Asker: 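If you scroll down you'll find the structure; I have some questions about it.
In this text, all values refer to a predicted model and were calculated from it rather than measured experimentally. Atoms considered below: every heavy atom in the structure, side chains included; atoms not considered: hydrogens, waters and symmetry mates.
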Amino acid sequence: MSVMPAAFFGHGNPMNALERNRYTEAWRAFGRSVPRPRAILVVSAHWYVQATAITAMPRPRTIHDFFGFPRELFDVRYEPPGLPGLYEEVADIVHPAWVGADHDSWGIDHGTWSVLMHAFPDADIPVVQLSINALKSFDYHLQLGAALAPLREDGVLVIGSGNVVHNLGGVSRALPDAGFDWAQRFDEAAKECMLTDPTDVGRLDGHRDFDLAVPTPDHFLPLLYVAGVAGATDAPVDVLVDGYAYGSLSMTAYSVGMDAPELSGSGVAAALPEGPPPDGANI
């Protein structure tokens, strides 16, 4: 069985699920370039709870965890099989850290399906999600990511889905394809860490722009899992695609353990819908 790469995706707003732009084309190129996984394990910013758990249902449901978006987005169904048996594998590999089995409360949220609809559109590869424990430190998340690294050798593709810079209160609709100076500084600092010593991303809370770039940790923490995988394996890290949306969102994505594929897409990230402010729409 092929050793799987790992990846982090800056997923932006869920309308990217329905559009073709240079970011979604990069996600498609990634999916076409990797060996076929036995399963995909996703750490999504949108399963941010006070426990560490993994979905363990045979058919996870599609979760539409947002509001204020067009009806067509709520009609999306991304319905791959689950893989309940992966729970035991993960529980064993991360011991003594504790991981619970979620049999019915969660499923596949938009942080996962908005990306996988492009990367693996056939929805025929088992998908599980690992929750982000909001009570734990950066070091915990890095170490848990490192503990997951051996899964790569068993055909499991580990993915983090969030945004390195994610400040919805700072969104500017006048900047659909640009980043504020502070967003660029922080994103570049994260990039330097990922390309040189990935585990250093765990110390970015000391960066001068951290409070603006990461007002809440949920979208940043998935990067720590992928950094942990990279640091544990010394696998090369490459930038899959980078850029900004609305001033205060970074769309940067990374691949681990593979050469980034050549890209051909164009266009800005999906437009935000009119209606509730972004920080009230759960993007």
Asker: Leu224 versus Val43: any side-chain heavy-atom pair under 4.5 Å?
Answerer: no
Asker: If I compare all heavy atoms of Ala281 with all of Phe66, which pair ends up nearest, and what's the gap?
Answerer: O-CB, 3.2 Å
Asker: Are any non-hydrogen side-chain atoms of Val214 and His207 less than 4.5 angstrom apart?
Answerer: no
Asker: Does either side chain, that of Tyr48 or that of Thr216, offer a donor lying less than 3.5 Å from an acceptor on the other one?
Answerer: no
Asker: Under 4.5 Å between any side-chain heavy atoms of Val241 and Glu25, yes or no?
Answerer: no
Asker: Please check this pair: side chain of Asp102 against backbone of Asp104, looking for a donor-acceptor N/O pair closer than 3.5 Å.
Answerer: yes
Asker: Answer yes if the side chains of Ser131 and Asn133 hold a donor-acceptor pair under 3.5 Å, and no otherwise.
Answerer: no
Asker: Going by side chain to side chain contact (heavy atoms under 4.5 Å, CB included), name the residues that satisfy it together with Arg77, two or more places apart in sequence or in a different chain.
Answerer: Thr62, His64, Glu79
Asker: I'd like to know if the side chain of Arg38 reaches the main chain of Val156, judged simply by a donor and an acceptor atom lying under 3.5 Å from each other, with no hydrogens or angles considered.
Answerer: no
Asker: Take atom CD in Glu192; do more than 12 heavy atoms of anything else shown fall under 6.0 Å from it?
Answerer: no
Asker: Test side chain to side chain contact (heavy atoms under 4.5 Å, CB included) on Ser248 and Trp182 and set out the steps.
Answerer: CA-CA 9 Å; Ser248 62; Trp182 54 264; 3.7 Å; yes
Asker: Taking all non-hydrogen atoms of both residues into account, name the closest pair between Phe8 and Thr252 and its distance.
Answerer: CE2-O, 3.6 Å
Asker: Are the side chains of Asn13 and Phe69 in contact, using a 4.5 Å heavy-atom criterion?
Answerer: yes
Asker: Between atom CG of Asp109 and atom OH of Tyr78, what is the distance when rounded to the nearest 0.5 Å?
Answerer: 13.0 Å
Asker: Measure the spacing between CE of Met258 and CG of Asp238 and express it to the nearest 0.5 Å.
Answerer: 9.0 Å
Asker: Would you say the side chain of Pro80 lies within less than 4.5 Å of the side chain of Ile108, judging by non-hydrogen atoms?
Answerer: yes
Asker: Ile283 and His166: which non-hydrogen atoms are nearest, and at how many Å?
Answerer: O-NE2, 3.4 Å
Asker: Quick check: closest heavy atoms across Ser114 and Trp27, and the distance to 0.1 Å?
Answerer: O-CZ3, 3.5 Å
Asker: Using side chain to side chain contact (heavy atoms under 4.5 Å, CB included), reason through Phe138 and Leu204 one step at a time and then give a plain yes or no.
Answerer: CA-CA 10 Å; Phe138 278 17; Leu204 285 174; over 6 Å; no
Asker: Applying side chain to side chain contact (heavy atoms under 4.5 Å, CB included), run through Leu116 and Val127 and close with a yes or a no.
Answerer: CA-CA 10 Å; Leu116 296 189; Val127 176; 3.8 Å; yes
Asker: Met194 pairs by side-chain contact (heavy atoms from CB on, under 4.5 Å) with which of Thr199, Val237, Val164, Asp200?
Answerer: Val237
Asker: Tell me, do Tyr244 and Ser250 make a side-chain contact under 4.5 Å, heavy atoms counted?
Answerer: yes
Asker: Rounded to the nearest 0.5 Å, how far apart are CD of Gln129 and CD1 of Ile54?
Answerer: 10.0 Å
Asker: Look up atom CG in Asp124 and atom CG in Asp122, then write down how far apart they are to the nearest 0.5 Å.
Answerer: 5.0 Å
Asker: Less than 4.5 Å apart, any side-chain heavy atom of His118 and any of Tyr23?
Answerer: no
Asker: Show your reasoning for whether side chain to side chain contact (heavy atoms under 4.5 Å, CB included) applies to Leu148 and Leu130.
Answerer: CA-CA 11 Å; Leu148 296 173; Leu130 178 68; 3.9 Å; yes
Asker: Rounded at 0.5 Å granularity, tell me how far CZ in Phe30 sits from OH in Tyr254.
Answerer: 15.0 Å
Asker: So, Asn163 side chain and Leu249 main chain: donor-acceptor pair closer than 3.5 Å or not?
Answerer: no
Asker: How long is the span from the CG atom in Leu157 to the CZ atom in Arg36, to the nearest 0.5 Å?
Answerer: 12.0 Å
Asker: When you compare the side chain of Pro222 with that of Ser161, does any pair of heavy atoms fall below 4.5 Å?
Answerer: no
Asker: Does any N or O in the side chain of Asp65 come within less than 3.5 Å of the main-chain N or O of His110, such that one atom is a donor and the other an acceptor?
Answerer: yes
Asker: Using a strict threshold of under 4.0 Å (side-chain N to carboxylate O), is an ion pair present between Lys191 and Glu188?
Answerer: yes
Asker: Are Val99 and Val128 connected into the same hydrophobic cluster when the rule is that any two of I, L, V, M, F, W, Y join if their side-chain heavy atoms are below 4.5 Å apart?
Answerer: yes
Asker: Give me the ring orientation class for His219 and His46: parallel if the planes are under 30° apart, tilted from 30 to 60°, perpendicular past 60°.
Answerer: perpendicular
Asker: Under 4.5 Å between side-chain heavy atoms, counting indirect links through other Ile/Leu/Val/Met/Phe/Trp/Tyr residues: same cluster for Ile132 and Ile63 or not?
Answerer: no
Asker: Are Phe74 and Val115 in one and the same hydrophobic cluster, where Ile, Leu, Val, Met, Phe, Trp and Tyr link if side-chain heavy atoms are under 4.5 Å apart?
Answerer: yes
Asker: Measure up the Tyr225 and His141 rings against each other and bin them: parallel (under 30°), tilted (30 to 60°), perpendicular (over 60°).
Answerer: tilted
Asker: Are Phe180 and Val268 co-members of a hydrophobic cluster defined by side-chain heavy atoms under 4.5 Å apart?
Answerer: no
Asker: Tell me the closest heavy-atom pair linking Ala56 and Pro84, and the distance in Å.
Answerer: O-CB, 3.5 Å
Asker: Using every non-hydrogen atom in the two residues, find where Ala39 and Leu86 come nearest and quote the distance to one decimal.
Answerer: CB-CD2, 4.4 Å
Asker: Is Trp98 reachable from Ile93 through a run of I, L, V, M, F, W or Y residues, each pair having side-chain heavy atoms under 4.5 Å apart?
Answerer: no
Asker: Just checking Asp75: does its CG atom have more than 12 heavy atoms from other residues, nucleotides or ligands closer to it than 6.0 angstrom?
Answerer: yes
